[in-house]
Amino acid sequence: MKRILSLLLTLIFVSSLLAGCGDNSPAGTYTLETIGGKTPVEWMKESVNGSEKGVESLLELFGISKDDLNDNFYTLTLEKDGKALIDSAYGSMYAGVAAREGTWSLEGEVLTVSVDGETEIFTFRDGVLTREFNGEEGVFKKK
């Protein structure tokens, strides 16, 4: 009986150790959920000192709804092979370029994305990415 109990406890201990060895890779697709605690549309409205109607008119000009902008404001895809893809409705509106490709690397909690000679620094902690946008924290969640 003691051997069975001992074996059972050993198996429980080993399985709990293996459960903690999961994939901690940031690979996947992330969308920007909030900037400074606000939705992207709310943040955009404040950043341009605009009214709700003014922002809606601007979005209409670009053929983007508020929901589409919130869902596609900034999407970051990190592939396991180190490739990165940034797709941004905001970037499309202001720079004329929506999708850009580059590379990413992770050192500790610092995730670096390099695209077109520019480097963007993120923090990867507990499956969530964060990045600074004009002094405010942007929070990205995995889809």
Could you tell me whether the side chain of Glu118 reaches within less than 4.5 Å of the side chain of Arg100, counting heavy atoms only? yes
* Under 3.5 Å, is there a donor-acceptor pair between the side chain of Thr130 and the main chain of Val139? -> no
task: Please tell me if the side chains of Val113 and Ile86 come closer than 4.5 Å, counting only heavy atoms from C-beta onward.
output: yes
*asked:* Run Thr39 and Thr34 through side-chain contact (heavy atoms from CB on, under 4.5 Å) and show every step you take.
replied: CA-CA 5 Å; Thr39 68; Thr34 60; 5.7 Å; no
Residues 103-115 vs side chain to side chain donor-acceptor pair (under 3.5 Å), sequence neighbours excluded, gives Glu109-Arg125
Residues passing the salt bridge (charged side-chain N to carboxylate O under 4.0 Å, His left out) test with Glu137, sequence neighbours excluded, are none
By side-chain contact (heavy atoms from CB on, under 4.5 Å), Thr31 pairs with (sequence neighbours left out) Glu33, Thr75, Lys143
Worksheet item: Are Leu106 and Val115 linked, directly or through other ILVMFWY residues, by side chains that come within less than 4.5 angstrom of each other?
Response: yes
Across all chains, not counting sequence neighbours, the side-chain contact (heavy atoms from CB on, under 4.5 Å) partners of Asp81 are Glu79, Lys83
Is there a donor-acceptor contact under 3.5 Å from the side chain of Ser25 to the main chain of Ala27?
yes
- Query: Do the side chain of Asn70 and the main chain of Val41 share a donor and acceptor less than 3.5 angstrom apart?
  - Reply: yes
Sequence neighbours excluded, the answer for salt bridge (charged side-chain N to carboxylate O under 4.0 Å, His left out) partners of Lys141 is none
Sorted by chain and residue number, the side-chain contact (heavy atoms from CB on, under 4.5 Å) partners of Glu136 (sequence neighbours excluded) come out as Ile35, Lys38, Trp43
Residues passing the side-chain contact (heavy atoms from CB on, under 4.5 Å) test with Leu129, sequence neighbours excluded, are Tyr30, Leu76, Leu78, Leu111, Phe122, Phe124, Phe140
